[in-house]
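See below for the structure under consideration.
In this text, all values refer to a predicted model and were calculated from it rather than measured experimentally. By convention in this document, chain letters (A, B, ...) are assigned in the order of the sequence lines, proteins followed by strands, and residues within each chain are numbered from 1.
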Amino acid sequence: MNQTSLVFLIFLLLTAGVYLLLGGIVYYHLKTYSLKQDAGQKAKLLFSVGLLLTFGIITLQFFAVDWDQAQATMENVINLNFLRKNYD
Amino acid sequence: MTETSEVCILPFADKDYAFPGQRANEKVLYVIRRHSILLLVPFITLTLFALAPLFLYFFIMPGEIPELTDPALQPLFWLVYTIYCGFLWISGFIVWMDYYLDVWIITPERLIDIEQKGPFSRTVSEVDLRRIQDISSSTHGLWATFFGLGDIHLQTAAEASKFTMESIPCPVRTRRSIIDLVHQAQAQGGVLD
């Protein structure tokens with residue numbers, strides 16, 4: 001695990017926290033205030049499934065990234081931009 | 001637009017709806033929300049927000065910073081983009097929830113106004129149908145006339161307070177239906193001051 005992956009892991013955990021907070025608020029409102037037998041009850045299911053699916057995809061993508069190669073490429077990009085700026 | 005030219009039909013509550021604070025044997029007659037066309041602009045905006053990073057990454061970046069479009073960085077782009085889409089998904093539902101939970105419920109006895117302003121502000125007020133003295137409907141503007149949406153103003157007896165149902169579909173039909181219900185309620189229980 002290199003530095004870039006660690007930064008992204010922390011970012012991912014923060015994202016999960018924010019998802020949980022905002023998702024919880026939306027779910028609670030739809031569960032509590034929707035009229036019975038109305039679209040809100042189905043919408044909260046769609047919302048939860050969508051959010052869980054998104055987070056599942058994010059987790060899979062996190063493990064799909066070749067972090068060593070990604071870090072090397074990003075360092076290369078930063079160095080290239082630094083050289084370009086100095087050259088200009 | 002004349003009153004008779006309005007062709008839309010007021011959506012009658014066809015299901016056995018229930019809401020918090022409902023009285024025993026109180027049947028929901030109408031559930032009215034703002035016109036759904038009002039969701040169009042926020043959802044188009046969210047769609048543009050979803051497409052903008054793809055456009056930037058695949059059409060602008062290759063010319064400006066080609067190194068960032070390196071195949072080694074593409075999985076990282078998709079990771080960040082999916083996180084971003086997750087936030088858009090939540091935003092979309094917050095917008096829809098704001099629309100959906102903002103509702104007027106009409107029963108044979110009363111009109112309940114539930115106003116949802118964002119996730120943390122909710123106001124519920126009600127008026128007894130027997131107290132209603134004056135009802136007017138209005139449609140202003142090109143888009144409102146084109147899409148058949150307008151406001152209904154309800155004036156209650158002996159009070160300065162006024163109920164307003166904003167941007168609802170079929171304002172004329174809705175007003176007529178409410179007038180009929182008010183007459184029925186007053187015929188059964190008398191006029192309240």
Kindly compute the distance separating [atom1] ([X]) from [atom2] ([Y]), expressed to the nearest 0.5 Å.
X        : Y        : atom1 : atom2 : answer
B:Glu166 : B:Glu115 : CD    : CD    : 7.5 Å
A:Ser34  : A:Lys42  : OG    : NZ    : 12.0 Å
A:Gln71  : A:Asp66  : CD    : CG    : 11.0 Å
B:Leu29  : B:Glu109 : CG    : CD    : 10.0 Å
B:Ile152 : B:Ile179 : CD1   : CD1   : 8.5 Å
B:Trp104 : B:Ile32  : CH2   : CD1   : 8.0 Å

Could you state whether [X] and [Y] fall into the same hydrophobic cluster, counting links through intermediate Ile, Leu, Val, Met, Phe, Trp or Tyr residues with side-chain heavy atoms under 4.5 angstrom apart?
X       : Y        : result
A:Ile57 : A:Leu46  : no
A:Tyr33 : B:Trp96  : yes
A:Phe63 : A:Val65  : yes
A:Leu9  : A:Tyr19  : yes
B:Met97 : B:Phe120 : no

*For each of A:Leu53, A:Leu60, A:Thr73, tally heavy-atom pairs with chain B at distances under 4.5 Å, and name the one with the top tally.*
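It is A:Thr73.
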*Heavy-atom proximity to chain A below 4.5 Å, by part of B:Ile114*: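 Contact with chain A: none, neither part.
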_Under 3.5 Å, is there a donor on one side chain and an acceptor on the other for B:Arg122 and B:Gln116?_
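Side chains of B:Arg122 and B:Gln116: pair found under 3.5 Å.
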Side chain from CB out, backbone as N, CA, C, O: work out which of these in [X] comes under 4.5 Å of a heavy atom of chain B, or both, or neither.
X       : value
A:Ala72 : neither
A:Phe8  : side chain
A:Thr4  : neither

*Quick one: does B:Thr123's side chain get under 4.5 Å of B:Lys117's, heavy atoms only?*
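Not in contact.
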*Side chain proximity check, B:Ser36 to B:Tyr99, heavy atoms < 4.5 angstrom*: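 Result yes, sub-4.5 Å side-chain heavy-atom pair found.
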*Pull out the residues in residues 10-18 of chain A that come under 4.5 Å of chain B, heavy atom to heavy atom, sorted by number.*
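At a heavy-atom separation under 4.5 Å, chain B is reached by A:Phe11, A:Leu12, A:Thr15, A:Val18.
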*Any residues in residues 38-59 of chain B near chain A, with a heavy-atom distance under 4.5 Å, and which are they?*
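Residues of residues 38-59 of chain B touching chain A at under 4.5 Å: none.
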*Within residues 73-95 of chain B, residues adjacent to chain A where the heavy-atom gap is under 4.5 Å*: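 Residues B:Leu73, B:Pro75, B:Leu76, B:Trp78, B:Leu79, B:Val80, B:Thr82, B:Ile83, B:Gly86, B:Phe87, B:Trp89, B:Ile90, B:Phe93, B:Ile94 are the ones that qualify, each having a heavy atom under 4.5 Å from chain A.
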For residues 20-27 of chain A, which side-chain N or O atoms pair as donor and acceptor with protein atoms under 3.5 Å away, sequence neighbours left out?
none

